[in-house]
Number of protein chains: 2
Amino acid sequence: MEHITEMLKGVLEGCVLEIISRGETYGYEITQHLRELGFTDVVEGTVYTITMRLEKHNLVDIEKKRSTVGPPRKFYTLNEAGKEKLDTFWEKWDFVSNKINELKSKEIKRRG
Amino acid sequence: MEHITEMLKGVLEGCVLEIISRGETYGYEITQHLRELGFTDVVEGTVYTITMRLEKHNLVDIEKKRSTVGPPRKFYTLNEAGKEKLDTFWEKWDFVSNKINELKSKEIKRRG
DNA sequence: AACACTATTCTGCGATACTATATACCAGTA
DNA sequence: TACTGGTATATAGTATCGCAGAATAGTGTT
């Protein structure tokens with residue numbers, strides 16, 4: 001699926017939070033998870049801007065570890081604030097997606 | 001529900017297209033529909049920028065009609081291009097929302 | 001050395017929704 | 001007449017977010 005850029009706004013960060021919540025991981029690996037999920041066009045730069053934002057907002061803890069296959073990796077884990085942010089994200093997601101599916105399936109009340 | 005601004009990016013236009021597809025309507029009324037749907041914080045200005053975009057992209061036909069309760073209304077109907085855009089929107093929505101719900105519910109494959 | 005692969009970092013851009021405001025039209029009321 | 005409130009379009013400016021594209025940096029292989 002292509003050209004879903006705009007539709008990903010506001011949800012990609014939530015997806016990254018969710019992925020990090022499953023266990024410590026780093027940017028490059030997050031990108032691969034997203035691609036496997038089906039968001040095949042996501043590139044490293046995009047994920048980088050998100051992880052940078054998570055750092056800036058103090059939602060993650062960071063640990064740098066050496067790798068045998070390349071430069072050091074920055075491993076992320078969610079801290080308490082990050083977990084709260086993730087919970088809030090899913091609440092918003094449920095709300096918005098329910099409303100949109102409602103619109104998709106239901107008749108609209110028309111005024112006289 | 002508040003602060004869902006970013007999550008609405010990319011879907012609000014689709015919602016407006018869907019609302020117009022149900023029958024000719026105008027900006028102010030579209031805003032009210034969205035508010036009734038649950039997007040209570042959507043304001044006229046936001047919808048206006050969307051309808052202007054639809055006009056610019058030639059997705060709607062326009063008819064100006066007088067009103068007994070205020071200034072003239074600009075009624076919109078979807079043209080063929082608009083209907084195609086709407087179909088594409090729902091395809092993208094189904095794709096994205098399925099993927100995200102998948103992420104929400106499933107385990108992630110972890111590599112060794 | 002040269003190359004391939006992994007991985008992070010950086011910067012500027014375009015698209016979108018929001019804020020705030022201005023303008024205009026009409027009805028009802030004092 | 002003047003005022004108020006609801007209806008309705010229009011516009012300028014701002015912030016956020018994902019993307020494109022490239023640079024940089026380690027490590028192992030040839």
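Naming convention: chains lettered A, B, ... in sequence-line order (proteins, then strands); numbering from 1 in each chain. Everything numeric here is computed off the predicted structure, so don't read it as measured data.
In this entry the distance linking NZ of A:Lys65 with C1' of D:dT27 reads 19 Å, nearest Å.
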Residue pair B:Val11, B:Leu8: steps toward the side-chain contact (heavy atoms from CB on, under 4.5 Å) verdict: CA-CA 5 Å; B:Val11 299; B:Leu8 289 180; 4.1 Å; yes
Derivation and outcome, side-chain contact (heavy atoms from CB on, under 4.5 Å), residues B:Leu37 and A:Ile100: CA-CA 9 Å; B:Leu37 228 201; A:Ile100 291 178; over 6 Å; no
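The stretch residues 38-54 of chain B participates, sequence neighbours left out, in these side chain to side chain donor-acceptor pair (under 3.5 Å) pairs: B:Glu13-B:Arg53. Within the structure, side chain to side chain donor-acceptor pair (under 3.5 Å) pairs that include any residue of residues 79-92 of chain B comprise B:Glu18-B:Trp90 (at least two apart or interchain).
The shortest distance between side-chain heavy atoms of B:Ile20 and B:Leu59 does not fall below 4.5 Å. Between A:Leu34 and A:Val16 the shortest side-chain heavy-atom distance falls below 4.5 Å. Between A:Arg73 and A:Tyr28, the closest side-chain pair of non-hydrogen atoms is not below 4.5 Å.
With sequence neighbours left out, the salt bridge (Lys or Arg N to Asp or Glu O under 4.0 Å) criterion links B:Lys65 to B:Glu24. Residues satisfying the side chain to side chain contact (heavy atoms under 4.5 Å, CB included) criterion with A:Lys74, sequence neighbours excluded, are A:Glu55, A:Ile62, A:Lys64, A:Tyr76. Residues passing the ring-ring contact (aromatic ring centres under 6.0 Å, His included) test with B:Phe75, sequence neighbours excluded: B:Tyr26. Legend: residues meeting side-chain hydrogen bond (donor to acceptor under 3.5 Å, both in side chains) with A:Asn98, ordered by chain and number and at least two apart, are absent.
Within residues 4-16 of chain A, the residues approaching DNA chain D are A:Thr5, A:Leu8, A:Lys9, A:Gly10, A:Leu12, A:Glu13, by heavy-atom distance under 4.0 Å. Listed by residue number, there are no residues of residues 74-101 of chain B with a heavy-atom contact under 4.0 Å to DNA chain C. Across residues 37-58 of chain A, A:Glu44, A:Gly45, A:Tyr48 each have a non-hydrogen atom less than 4.0 Å from an atom of DNA chain C (numbered order).
Cluster membership check: B:Val47 shares its hydrophobic cluster with B:Met1, using side-chain heavy-atom separations under 4.5 Å among Ile, Leu, Val, Met, Phe, Trp and Tyr.
The two residues A:Leu78 and A:Ser21 make their nearest non-hydrogen contact at CD1-CB, 3.7 Å.
Its side chain outside the 4.5 Å cluster rule for every partner, B:Val69 clusters with none of the Ile, Leu, Val, Met, Phe, Trp and Tyr residues.
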Dot-bracket pairing map - DNA chain C, Watson-Crick plus G-U, both contacts under 3.5 Å, | cross-strand: ||||||||||||||||||||||||||||||
Between the protein and nucleotides 25-30 of chain C, which nitrogen or oxygen pairs are less than 3.5 angstrom apart?
| unit_1 | atom_1 | unit_2 | atom_2 | d |
| --- | --- | --- | --- | --- |
| C:dC26 | O3' | B:Thr68 | O | 2.8 |

